[in-house]
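Have a look at this one before I ask anything.
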Amino acid sequence: MSTLDIPRAELALLVLYLNKAEARDKICRAIQYGCKFLSNGEPGTAQNVDKSTSSARKVFRLFKFVNGLHALISPTPAGTPLPIVLLGKSSNALSSSFLFLDQIVWLSRSGIYKNKERADLIGKISLYCWLTSSVCTTLVEVGELGRLSASMKKLEKELNEKDKHQSEQYKGNLQKYNDRSLALVKAAMDIVVAAGLLQLAPKKINARVTGAVGFASSLISCYQLLPAHPKPKTS
């Protein structure tokens with residue numbers, strides 16, 4: 001094995017990661033909310049970076065609302081309870097609405113759409129869509145975690161302590177549980193961020209809190225988009 005094989009493989013994964021528009025968007029999101037935390041709403045370099053990065057991210061999200069529409073009309077896995085299905089579809093519809101309305105905000109900031117008052121109203125409506133979408137996602141993840149927990153307990157009764165860690169089904173459910181737990185934390189954080197941007201509780205969720213929670217949420221998103229390392233070949 002060449003000494004450059006491992007660095008070459010790691011760089012290939014990094015290139016694969018950075019080639020994703022979603023990954024670049026989340027990296028910019030981390031920069032945006034990190035600067036919001038540093039500026040604490042005060043004028044200066046950090047606030048300028050926050051605003052410019054926010055505008056740049058809107059370009060990354062052009063026509064991204066189509067993803068939500070596709071998820072909305074896609075079939076759900078068999079056996080999913082109706083309340084979870086309805087909450088999931090509501091989240092998809094609200095997320096798609098947020099991304100669509102956010103494009104009008106970008107048109108206003110670009111000077112194409114001239115009605116600033118209406119653009120500000122649309123921007124506020126879009127944030128409410130994101131807030132309610134995050135609430136729906138949180139409830140979906142709570143419901144799915146409950147289902148996975150029940151499934152894992154059932155498997156534990158069927159398998160002893162040693163065999164359960166060798167069961168592919170149990171390991172698969174455990175991985176899904178961990179992934180959904182992380183998604184739940186992120187969705188809950190996004191609720192706080194949306195409430196901060198809407199200034200629903202300005203004394204408790206100020207610019208610094210919004211920036212800190214948004215930065216942490218962005219790091220989770222960046223982690224979720226990491227490509228899986230290829231399994232080593234066995235001789």
Side-chain angles (χ1 to χ4, degrees), residues 14 17-68 91 94-135 137-138 185-226:
L14 180 61
Y17 181 72
L18 294 176
N19 278 342
K20 297 178 182 178
E22 185 75 9
R24 294 197 300 273
D25 175 40
K26 298 310 178 186
I27 292 171
C28 289
R29 187 179 192 264
I31 295 171
Q32 175 193 347
Y33 284 104
C35 289
K36 187 179 290 293
F37 169 78
L38 293 174
S39 70
N40 194 25
E42 300 295 331
T45 302
Q47 190 182 70
N48 292 338
V49 175
D50 171 15
K51 291 180 178 179
S52 61
T53 309
S54 175
S55 298
R57 287 186 59 225
K58 296 184 186 304
V59 179
F60 281 118
R61 299 200 299 263
L62 284 175
F63 302 108
K64 190 180 174 183
F65 68 92
V66 176
N67 295 0
S91 176
L94 289 163
S95 175
S96 184
S97 300
F98 158 66
L99 292 167
F100 177 77
L101 294 174
D102 198 50
Q103 294 188 356
I104 300 176
V105 177
W106 173 73
L107 290 173
S108 174
R109 291 186 183 180
S110 302
I112 300 172
Y113 186 70
K114 303 296 184 182
N115 194 328
K116 187 178 182 305
E117 289 184 2
R118 185 169 295 178
D120 290 342
L121 177 61
I122 291 172
K124 184 170 287 189
I125 294 172
S126 73
L127 288 175
Y128 273 111
C129 288
W130 181 38
L131 173 65
T132 48
S133 173
S134 299
V135 171
T137 301
T138 301
V185 172
K186 180 187 176 302
M189 285 182 169
D190 285 341
I191 293 173
V192 176
V193 175
L197 294 176
L198 287 165
Q199 296 185 341
L200 298 181
K203 292 184 178 179
K204 293 183 178 180
I205 312 177
N206 54 27
R208 181 147 285 173
V209 172
T210 303
V213 177
F215 180 74
S217 171
S218 303
L219 292 183
I220 292 175
S221 296
C222 291
Y223 171 78
Q224 289 173 323
L225 291 168
L226 285 174

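All values derive from a computational prediction rather than experimental measurement.
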| task | Without swapping roles, check the side chain of Ser39 against the backbone of Cys35 for a donor-acceptor pair under 3.5 Å. | result | yes
All heavy atoms of Gly41 vs all of Gln47, minimum pair found to be O-NE2, 3.2 Å
Tell me whether Thr53 contacts the main-chain N or O of Val49 through its side chain, where contact means a donor paired with an acceptor under 3.5 Å. yes
Item to complete: If the plane angle is over 60° it's perpendicular, under 30° parallel, otherwise tilted; pick one for Phe98 and Trp130.
Response: parallel
When every non-hydrogen atom of Lys64 is compared with those of Gln103, the smallest separation belongs to N-NE2, 4.1 Å
Checklist entry - Is there a donor-acceptor pair under 3.5 Å between the side chain of Lys20 and the backbone N or O of Leu225? => result yes
Tested for salt bridge (charged side-chain N to carboxylate O under 4.0 Å, His left out) against Arg57, the lone hit among Asp25, Asp102, Asp50 is Asp25
Smallest heavy-atom separation, Tyr33 atom then Ser218 atom, equals CD1-OG, 4.1 Å
Can you confirm whether Gln199 is buried at CD, in the sense that more than 12 heavy atoms of other residues, nucleotides or ligands lie under 6.0 Å from that atom? no
Closest heavy-atom pair, Ile205 versus Ala195, reported as atoms and distance to 0.1 Å, is CD1-CB, 4.0 Å
- Under the 3.5 angstrom rule, does the side chain of Ser108 hit a backbone N or O of Ile104 as a donor-acceptor pair? no
**Prompt:** Is the side chain of Asn206 donor-acceptor paired with the backbone N or O of Pro202 at a distance under 3.5 Å, no angle test?
**Reply:** no
When every non-hydrogen atom of Tyr128 is compared with those of Leu200, the smallest separation belongs to OH-CD2, 3.4 Å
For this session: Tell me, yes or no, whether the heavy-atom count around Lys51 atom NZ, taken from other residues, nucleotides or ligands under 6.0 Å, exceeds 12.
Result: no
Closest non-hydrogen atoms of Ala46 and Leu38, given as atom of the first, atom of the second and distance, are CB-CB, 4.1 Å
* Is there a donor in the side chain of Ser217 and an acceptor in the side chain of Asp190, or the other way round, less than 3.5 Å apart? -> yes
